[in-house]
There are 2 protein chains.
Amino acid sequence: MAVKLTDVAQKAGVSVTTVSRVINNHGYLSDKTKHKVFTAMKELNYQPNSLARSLQGKKMKLIGLIFPEITNPFFAELIQDIESILFEKGYKIILCNAQRDKEKERAYLKMLLANQVDGIIAGAHNLGIEEYQELGLPIVSFDRKLSENVPIVSCDNYQGIKLAVHDLIQSGCHKIFFLGNKQLKGNPTDQRLKAYLNEAENLNFTPHICSVAFSDSTLLKNITIHEMLQNDHPDGVVCTDDLTAILVLQEARKLGLKVPEDLKVIGFDGTKQIQTYHSELSTIAQPINDIAILLVKLLLQRISDPNKELNKKHYILPVKLIKSLTTA
Amino acid sequence: MAVKLTDVAQKAGVSVTTVSRVINNHGYLSDKTKHKVFTAMKELNYQPNSLARSLQGKKMKLIGLIFPEITNPFFAELIQDIESILFEKGYKIILCNAQRDKEKERAYLKMLLANQVDGIIAGAHNLGIEEYQELGLPIVSFDRKLSENVPIVSCDNYQGIKLAVHDLIQSGCHKIFFLGNKQLKGNPTDQRLKAYLNEAENLNFTPHICSVAFSDSTLLKNITIHEMLQNDHPDGVVCTDDLTAILVLQEARKLGLKVPEDLKVIGFDGTKQIQTYHSELSTIAQPINDIAILLVKLLLQRISDPNKELNKKHYILPVKLIKSLTTA
DNA sequence: AAATTTCTGTCAAACGATTGACATATTTCA
DNA sequence: TGAAATATGTCAATCGTTTGACAGAAATTT
């Protein structure tokens, strides 16, 4: 059985109350007793039972993370950063993999509630707004509108695509395609398509949208991309994520298209991983670490002061164009 | 405040005991009462407090996962698979990112203990054996020897490298380098180097080891790889992971070496991600999903029957050679 | 020496749920 | 009709920890 308060008390030769007082630094305590208790705790390798503590109203120091997947390098890096920052602050994370599955996401929300998490960072894309509203828990969201009183953090999606389009135009492209999700759902990522359409108008080129859903299989995406390249002959493609952009590069290679001479591709996300292992890809880089820092900061703020009005609903962080060395 | 048992009882017009009995299906219960209670639970969106339950000796249904990083696609896919399987069985995971940091790993172990996890799946590489021994918790390990009574799951590391070496020889290579970690620490992955050395002897070629640590930075790895390619002119390289193998491909390209004509490279891991986005890479594929299934199965066995003797200490799963289309 | 401050202990209630003991009511079926 | 089975309720203890009330003891100040 695990070591408990009474064991420590016995070992230190004091009462349980005293041990509890030492741990919580509560009331008068002599250095001698404190020392006795601390050494006893160390010797027994005592860990206070978080569960029992939290029943007393103490914080669990537990945060739920809900993301659609972790194998996507963007989410992996974001999650890793969030985890590191939270660890520094004494929080642990329960990782939830919503997998584009509404039911799973719903089940996860219940579970997080049952486990008394202190708050949730939500980045999944499935559920309607309602379920999040009635949780009564501090929540912050990434790139997703959940409810009026859930702050959103996202990168400057609009500026990102604008940068991408301008870069392609400046590189001499004339037939620029937008490759990504076409559906608008009121989320910040909608700005990507909007930016493309606006810039098409501003810069006077005809918009071409090739629709692939984030959730489409690689196979399906490849077919769509293949058709686009073969039938429509774009000379520039703006993609809404790096992985899809790489598929475009691969299909282009198969078709014997020369990159960047015949075709220029720009991705979106700019993870360290893609930049390291696919440095041939130009991309719009999201400030992943800053996003992580801000998400955590906002969440901890809301945890410590849940009723405070939001000073801001939507935090938009700047993006950066990273040009590939081969395209330069 | 969160809904609790008393609220449900009040709503359903029964006693708390009855509600608890309904939830735990304990004793005699009429369908009518069950129904009343269930509807009350739904209407109030009641979630039993896991913490309070676990104080009663109930399982938390929580598993701690300790891995060195999650941005590596291999770990990302393994973690994702483990998570999915555990979710199906009603378990959640606390994700711990040990980050090659001994202190962080130690802190995590304490934290998992304090949070009353039911068991741990360990894949990190930092700590000495001692700390894991005295946890008094069901543990299973991936690719790592932790203690006599912690079962290990790994792929057939030996066979993997053997397959790789044979393939290179059959493809006509004469100067085959081993690129990976040189230190032997008594872990299953040591078999990779061992297999290489053995096969060098069996197949009569001189072994060349180029040492890069798993934890080296990409920059450092690149320098080492660059020097190896430029100074030693290998015609085949066996890598102990796919990411390093890709670095070799990239450096080779920079040096103007033709792959596979001048140089053949084989990686190790075979993640879906690398296979999708670097299909030019031959690799030894680990059966990630099977590893996940087995890890979970063994852990749950140990949780349900902690004192049962292990029938086996080390489970070795078969690997598969995946040849790239370009090399074929 | 008396008053005050500091320290430690005992005791008990609370957190939310579980569960056994026990009582009582209702139903079932010999 | 009466015994047995079924159904529900009351009450209290328990899990490990926190915390307030209260009581003394020891140390410090006046």
Side-chain angles (χ1 to χ4, degrees), chain A residues 1-41 44-62 110-118 136, chain B residues 1-41 44-62 110-118 136:
Chain A
M1 214 44 244
V3 185
K4 45 187 161 178
L5 215 51
T6 49
D7 303 319
V8 179
Q10 204 168 27
K11 181 106 185 176
V14 297
S15 70
V16 268
T17 309
T18 302
V19 178
S20 175
R21 278 175 186 149
V22 171
I23 291 170
N24 296 286
N25 199 29
H26 185 262
Y28 292 123
L29 291 163
S30 72
D31 288 344
K32 208 179 62 192
T33 334
K34 277 194 208 170
H35 185 255
K36 269 195 299 183
V37 171
F38 280 131
T39 51
M41 277 173 33
L44 295 172
N45 194 29
Y46 170 73
Q47 281 302 118
N49 183 331
S50 306
L51 279 43
R53 305 190 84 173
S54 130
L55 264 188
Q56 298 299 321
K58 300 249 168 191
K59 296 266 173 243
M60 271 296 276
K61 294 255 177 184
L62 234 195
K110 288 196 175 185
M111 182 275 282
L112 291 176
L113 229 37
N115 279 272
Q116 311 292 114
V117 295
D118 301 322
Chain B
M1 213 45 245
V3 185
K4 45 188 165 178
L5 214 51
T6 48
D7 302 320
V8 180
Q10 205 167 24
K11 181 107 185 172
V14 299
S15 70
V16 268
T17 310
T18 302
V19 179
S20 175
R21 278 177 186 148
V22 170
I23 291 170
N24 297 286
N25 200 28
H26 184 263
Y28 294 122
L29 292 163
S30 72
D31 287 343
K32 206 179 63 192
T33 335
K34 279 193 208 171
H35 185 256
K36 269 196 297 183
V37 171
F38 280 131
T39 50
M41 279 175 29
L44 295 172
N45 195 27
Y46 170 74
Q47 281 302 119
N49 183 331
S50 306
L51 279 42
R53 305 188 85 173
S54 130
L55 265 187
Q56 298 298 322
K58 299 247 168 190
K59 297 268 173 241
M60 270 298 273
K61 294 257 179 181
L62 233 196
K110 287 196 177 187
M111 181 275 281
L112 291 176
L113 228 37
N115 279 274
Q116 311 292 113
V117 295
D118 302 322

Subject >> Whole angstrom value for the distance that separates P of dC15(D) from NZ of Lys59(B) >> reply: 16 Å
Subject >> Interatomic distance where CG belongs to Leu55(B) and P belongs to dC15(C) [whole Å] >> reply: 14 Å
**OP:** Assign each of Ser15(A) and Gln56(A) to its nearest nucleotide of DNA chain C by heavy atoms, then name whichever residue's nucleotide is nearer the 5' end.
**Re:** Ser15(A)
**OP:** Find which nucleotide of DNA chain D each of Pro48(A) and Gly13(B) is nearest to by heavy atoms, and output the residue with the more 5' nucleotide.
**Re:** Gly13(B)
Original post:
Expressed in angstrom and rounded to an integer, what is the separation of Met41(A) atom CE from dT17(D) atom P?
Top reply: 11 Å
Subject >> Side-chain donor/acceptor of Ser50(A) to backbone N/O of Met60(A), under 3.5 Å >> reply: no
Subject >> Value in whole Å for how far the P atom of dT18(D) lies from CG of Leu51(A) >> reply: 13 Å
**OP:** Give the rounded distance in Å between these two atoms: CG of Asn115(B) and P of dT17(D).
**Re:** 13 Å
**OP:** Please work out if Thr17(A) contacts a base, only the sugar-phosphate, or nothing of the nucleic acid, heavy-atom cut-off 4.0 Å.
**Re:** base
Original post:
Does a side-chain N or O from Tyr46(B) land closer than 4.0 Å to OP1 or OP2 of dG16(C), or not?
Top reply: no
**OP:** Please state how far atom CD in Gln47(B) lies from atom C1' in dA17(C), giving the value in whole angstrom units.
**Re:** 14 Å
**OP:** Rounded off to whole Å, could you give me the CG-to-P distance for the Leu5(B) and dC15(C) pair?
**Re:** 14 Å
Subject >> Arg53(A) side-chain N/O to dT18(D) phosphate OP1/OP2 under 4.0 Å >> reply: yes
Original post:
Side-chain donor or acceptor of Ser54(A) under 3.5 Å from a matching atom on the base of dC15(C)?
Top reply: no
Subject >> Contact residues, residues 20-29 of chain B to DNA chain D [heavy atom, < 4.0 Å] >> reply: Arg21(B), Tyr28(B), Leu29(B)
Original post:
Is any side-chain N or O of Lys58(A) closer than 4.0 Å to OP1 or OP2 of dT19(D)?
Top reply: yes
**OP:** Output the distance between atom CD1 (Ile23(A)) and atom OG1 (Thr18(A)), rounded to the nearest 0.5 Å.
**Re:** 11.0 Å
**OP:** Find the distance between CG (Leu55(B)) and NZ (Lys58(B)) and round it off to the nearest 0.5 Å.
**Re:** 13.0 Å
**OP:** Can you measure from CG (Asp118(B)) to OG (Ser54(B)) and round to the nearest 0.5 angstrom?
**Re:** 8.0 Å
**OP:** Looking at every strand, decide which applies to Val14(A) at a 4.0 Å heavy-atom threshold: base, sugar-phosphate, or nothing.
**Re:** sugar-phosphate
Subject >> Atom-pair distance (CD on Gln10(B); C1' on dG16(C)), nearest Å >> reply: 16 Å
Original post:
How many angstroms lie between CG in Leu62(A) and CG in Leu62(B), if you round to the nearest 0.5 Å?
Top reply: 7.5 Å
Original post:
At their closest point, which heavy atom of Val37(B) faces which heavy atom of Val19(B), and how far apart are they?
Top reply: CG1-CG1, 4.0 Å
**OP:** Drop me the distance from Gln10(B)'s CD to Thr6(B)'s OG1, to the nearest 0.5 angstrom.
**Re:** 7.0 Å
